[in-house]
Amino acid sequence: MSSIHTDARDTDESFFLKPFNERVYDIVKRIPRGKVATYGQIAALIGSPRASRFVGFALHANPEQGVIPCHRVVFKSGALAPGFAFGGPDRQRKLLEDEGVRFIDSGEQVVVDLSQCRWKA
DNA sequence: GTATTGACGCTTA
DNA sequence: GTAAGCGCCAATA
């Protein structure tokens, strides 16, 4: 790789030192269709398995609609985010179901079947 | 430089 | 078995 600049963040086009957010997007965009990843999983891929909360925050902070499949990111329990910003939790569930993700209808709590749809890096 | 926040995750009461 | 709180990491005010 090219030489490392002291303060790459000073440049907006720093490819070496991307913001945490962008790293999250990179991982989320790599999730294949029909699978879902958990916040902890993504955080682990980034290098900080404890930054799971920040992963979700990153998605909510810069939800590039059509670019970042936020609907493929779910809790470790399989539940969806409390405030999905795509049009409602029903919308997300439909999107995932349309991709082939299985859902477990536990009464009113609808969670993704991580047992089969959990994306593995 | 300190304090607060934040789509989570885990431990403890 | 259920409920609540704390902690982690990073960014922002």
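Below, chains carry the letters A, B, ... as their sequence lines are ordered, and counting in each starts from 1.
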Distance, rounded to the nearest Å, where A:Q41 contributes CD and B:dG9 contributes C1': 14 Å

Chi angles and distances behind the side chain to side chain contact (heavy atoms under 4.5 Å, CB included) call for A:V24, A:I68: CA-CA 9 Å; A:V24 175; A:I68 304 165; over 6 Å; no

Show me the protein contacts with nucleotides 10-13 of chain B, counting only N or O atoms at under 3.5 Å.
unit_1 : atom_1 : unit_2 : atom_2 : d
B:dC10 : OP1    : A:K76  : NZ     : 2.5

Listed once per pair and sorted, the ring-ring contact (aromatic ring centres under 6.0 Å, His included) pairs that draw on residues 28-51 of chain A, sequence neighbours left out: A:Y39-A:F75

Round to a whole Å and report the spacing from CZ of A:F20 to P of B:dT5. 20 Å

Flag the pair A:V110 / A:L80 as yes when at least one side-chain heavy-atom distance between them is below 4.5 Å, and no otherwise. no

Base, sugar-phosphate, or nothing: which does A:Y39 touch, judged by heavy atoms less than 4.0 Å apart? base

Applying side-chain contact (heavy atoms from CB on, under 4.5 Å) to A:K76 and not counting sequence neighbours gives none

For A:I68 and B:dA7, what is the distance between atoms CD1 and C1' respectively, to the nearest whole Å? 13 Å

Hey, which of A:R33, A:R72, A:K35 is the one that makes side-chain hydrogen bond (donor to acceptor under 3.5 Å, both in side chains) with A:E99? A:R72

Residues which pass side-chain contact (heavy atoms from CB on, under 4.5 Å) with A:R30, listed by chain and number, not counting sequence neighbours: A:D26, A:W119

Taking ring-ring contact (aromatic ring centres under 6.0 Å, His included) as the definition, give me every residue that meets it alongside A:F57, ordered by chain and number, with sequence neighbours left out. A:F54

What is the distance, to the nearest angstrom, from the CD1 atom on A:I42 to the P atom on B:dA7? 15 Å

Hey, can you pull the residues of residues 44-54 of chain A with a non-hydrogen atom under 4.0 angstrom from DNA chain C? A:S48, A:R50, A:A51, A:R53, A:F54

Are A:I27 and A:F20 connected in the hydrophobic side-chain network, where two residues link if heavy atoms are under 4.5 Å apart? yes

Measure OH/A:Y25 against P/B:dA7 and give the value in whole Å, please. 13 Å

May I have the distance from A:R23 (atom CZ) to C:dA10 (atom C1'), rounded to whole angstrom? 13 Å

Whole angstrom value for the distance that separates C1' of B:dT5 from NE2 of A:H60: 13 Å

